[in-house]
Amino acid sequence: MARTRDEQPEPPVRLGDGSLASVEPSPYTSGYELIVDGTPQSHVDLDDPTHLHFEYIARMAAVIDRLKLPGQPVTAVHLGAGALTLPRYVEATRPGSRQQVVELEPDLIALVRERLPLPRGASIRVRIGDARAALDRFPAGLVGQVDVLVVDVYAGAQIPAHLTSAEFYTAAARLLAPDGVLLVNVADGAGLAFARRQVATVREVLANVIVLAEVQTLKGRRFGNLVIAASAASLPTAWLPRLMAAGPHPAKVAEGREIDDFVRGARPTTDADAVASPKPSSTLFER
């Protein structure tokens with residue numbers, strides 16, 4: 001049951017890395033936001049799990065919606081838990097789906113489960129541990145069977161370096177079914193140097209790649225989120241431009257020659273030269 005929006009805020013929880021996490025009513029819409037050290041990490045509407053306030057999450061969901069037949073259960077793995085927004089969405093739109101989530105911070109999971117409880121009967125298993133290490137610990141029966149693998153791991157506002165390399169994506173891709181889709185949330189700013197290398201890196205592992213983003217972000221004119229979607233199989237994209245153009249902000253899909261242009265001159269990342277994603281401006285998330 002959803003909580004009332006006029007209740008008193010509960011105190012934040014200190015996580016294992018020293019950061020402070022809290023669940024607060026959204027200042028913009030219905031539902032709640034998970035805030036970690038001042039950075040909004042997730043939005044959840046307990047009354048309507050299909051209400052996706054964060055645009056990059058909505059773009060990921062738009063890709064997931066095209067998997068298999070509408071409403072058909074899928075097998076999903078989520079690296080990075082946040083407030084379990086996408087697992088809730090998949091559960092609501094595709095009942096019976098098998099889902100596994102990997103999260104490094106047990107106190108974060110405890111906070112989310114307490115203040116934003118999952119629906120009863122949801123088949124969502126949470127594993128505690130490092131996302132990359134977990135790739136070798138999934139049941140053998142899951143290898144080659146995953147329909148969608150979501151990579152959305154942030155330490156504060158940055159992607160850890162060891163989750164950005166070709167070696168990491170190669171290990172992750174082993175889980176995917178032949179037509180399975182990898183979805184990666186990348187945040188970057190002016191010039192998009194990090195994002196370009198990430199797209200080049202993913203394309204080293206999975207040949208078919210598209211990028212979904214707000215127009216000004218995709219042009220490298222503002223800090224924002226880009227969603228990389230990749231698969232060994234062809235990605236159906238005819239429906240995406242119309243969906244992206246519908247708003248609420250102008251967005252587009254880069255594919256084909258645009259991807260070639262986007263990654264031109266970008267060197268794929270390896271474990272030897274991997275770096276964390278850039279930090280956003282300290283004022284980016286000010287209310």
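- In the hydrophobic cluster analysis, where Ile, Leu, Val, Met, Phe, Trp and Tyr join through side-chain heavy atoms closer than 4.5 angstrom, Leu212 is grouped apart from Phe194.
- Salt bridge status for Arg196 with Asp188: absent, with no side-chain N to carboxylate O gap under 4.0 Å.
- Clustering ILVMFWY residues whenever any of their side-chain heavy atoms sit less than 4.5 angstrom apart, transitively, puts Tyr154 in a cluster other than the one holding Val36.
- Tracing side-chain contacts under 4.5 Å through hydrophobic residues (I, L, V, M, F, W, Y), one reaches Leu192 starting from Val151; they form part of the same cluster.
- From Glu33, atom CD reaches atom OG of Ser42 across 9.0 Å, with rounding to the nearest 0.5 Å.
- Considering only heavy atoms from C-beta on, Ile64 comes within 4.5 Å of Arg94 through its side chain.
- Looking at every heavy atom in both residues, Ala266 comes nearest to Ala200 through O-CB, 3.8 Å.
- Note that CZ of Arg222 is 4.5 Å distant from OG1 of Thr217, once rounded to the nearest 0.5 Å.
- Among all heavy-atom pairs drawn from Ala232 and Pro178, the shortest one is CB-O, 4.0 Å.
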Could you walk me through whether Val63 and Arg59 pass the side-chain contact (heavy atoms from CB on, under 4.5 Å) test, one step at a time?
CA-CA 7 Å; Val63 176; Arg59 290 173 190 135; over 6 Å; no

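- Considering OH of Tyr32 and CG of Asp45, their distance stands at 9.0 Å, rounded to 0.5 Å.
- Within the 4.5 Å cutoff, the side chain of Asn225 has no heavy atoms near those of the Val186 side chain.
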Full working for salt bridge (charged side-chain N to carboxylate O under 4.0 Å, His left out) between Asp271 and Arg132
CA-CA 12 Å; Asp271 281 343; Arg132 182 160 176 176; 2.8 Å; yes

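- Residues Leu84 and Leu86 are not in side-chain contact: their nearest non-hydrogen atoms beyond the backbone lie 4.5 Å or more apart.
- Counting heavy atoms from C-beta outward, Arg115 and Glu24 have side chains that stay 4.5 Å or more apart.
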Stepwise side-chain contact (heavy atoms from CB on, under 4.5 Å) test for Leu235 and Arg66
CA-CA 10 Å; Leu235 290 163; Arg66 307 304 299 182; over 6 Å; no

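- The closest donor-acceptor contact from the side chain of Gln198 to the backbone of Ala195 lies at 3.5 Å or more, if one exists at all.
- Between the side chain of Arg113 and the backbone N or O of Pro117, no donor-acceptor pair lies under 3.5 Å.
- Considering CG of Asp37 and CG of Leu15, their distance stands at 8.0 Å, rounded to 0.5 Å.
- At a cut-off of 3.5 Å, with distance as the only test, a side-chain donor of His78 or Gln99 sits close to an acceptor on the other residue.
- For Leu104, the side chain to side chain contact (heavy atoms under 4.5 Å, CB included) test picks out Asp130, with sequence neighbours left out.
- Under the 4.0 Å criterion applied to side-chain N and carboxylate O atoms, Asp260 and Arg257 are not assigned as salt-bridge partners.
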Pair Thr269-Asp273, side-chain contact (heavy atoms from CB on, under 4.5 Å): steps then yes or no:
CA-CA 6 Å; Thr269 299; Asp273 62 9; 3.7 Å; yes

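- Across Tyr89 and Ala61, no two heavy atoms sit closer than the pair CE2-CB, 3.6 Å.
- The cluster map of Ile, Leu, Val, Met, Phe, Trp and Tyr, joined by side-chain heavy atoms under 4.5 Å apart, puts Ile228 and Leu135 in the same cluster.
- Minimum heavy-atom separation, Gly80 to Val153: N-CG2, 3.7 Å.
- Ionic pairing of Lys68 and Asp147 is present here: one or more N-O contacts between side-chain nitrogen and carboxylate oxygen are shorter than 4.0 angstrom.
- The backbone N or O of Ala122 lies less than 3.5 Å from no partner atom in the side chain of Glu91, so there is not a single donor-acceptor pair.
- In this structure, the side chains of Leu52 and Arg88 stay at 4.5 Å or more apart for every pair of heavy atoms.
- Residues Ala274 and Ala161 share a closest heavy-atom pair of CB-O, 3.4 Å.
- Within 6.0 Å of CZ on Arg174 lie no more than 12 heavy atoms contributed by other residues, nucleotides or ligands.
- Residues Val211 and Val253 fail the side-chain proximity criterion, which asks for heavy atoms closer than 4.5 Å.
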Derivation of the side-chain contact (heavy atoms from CB on, under 4.5 Å) call for Val143 and Phe138:
CA-CA 8 Å; Val143 175; Phe138 285 112; 5.8 Å; no

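- No donor-acceptor pair closer than 3.5 Å links the side chain of Thr39 to the backbone N or O of Gln41.
- Taking all atoms of both residues into account, the shortest heavy-atom contact from Ala230 to Val202 is CB-CG1, 3.5 Å.
- Within 6.0 Å of CZ in Arg127 there are more than 12 heavy atoms belonging to other residues, nucleotides or ligands.
- In summary, the side chains of Thr75 and Arg98 do present a donor paired with an acceptor at a separation below 3.5 Å, with no hydrogens or angles considered.
- Residues Thr93 and Thr50 are in side-chain contact: their nearest non-hydrogen atoms beyond the backbone lie under 4.5 Å apart.
- With values rounded to the nearest 0.5 angstrom, Leu79 atom CG is found 12.5 Å from Asn185 atom CG.
- Atom OG of Ser97 sits about 9.0 Å away from atom CD1 of Ile124, to the nearest 0.5 Å.
- With hydrogens and angles ignored, the 3.5 Å screen pairs a side-chain donor or acceptor of Arg197 with a backbone N or O of Pro268.
- No donor-acceptor contact under 3.5 angstrom links the side chains of Asn208 and Ser231, judged on distance only.
- At a threshold of 4.5 Å between non-hydrogen side-chain atoms, the residues Ile128 and Glu105 do not count as touching.
- Annotation: ring pair (Phe, Tyr, Trp, His ring centres under 6.0 Å) contacts of His51 (sequence neighbours excluded): His43.
- Under the 4.5 Å side-chain heavy-atom criterion for grouping Ile, Leu, Val, Met, Phe, Trp and Tyr, Val146 is not connected to Val150 through any hydrophobic cluster.
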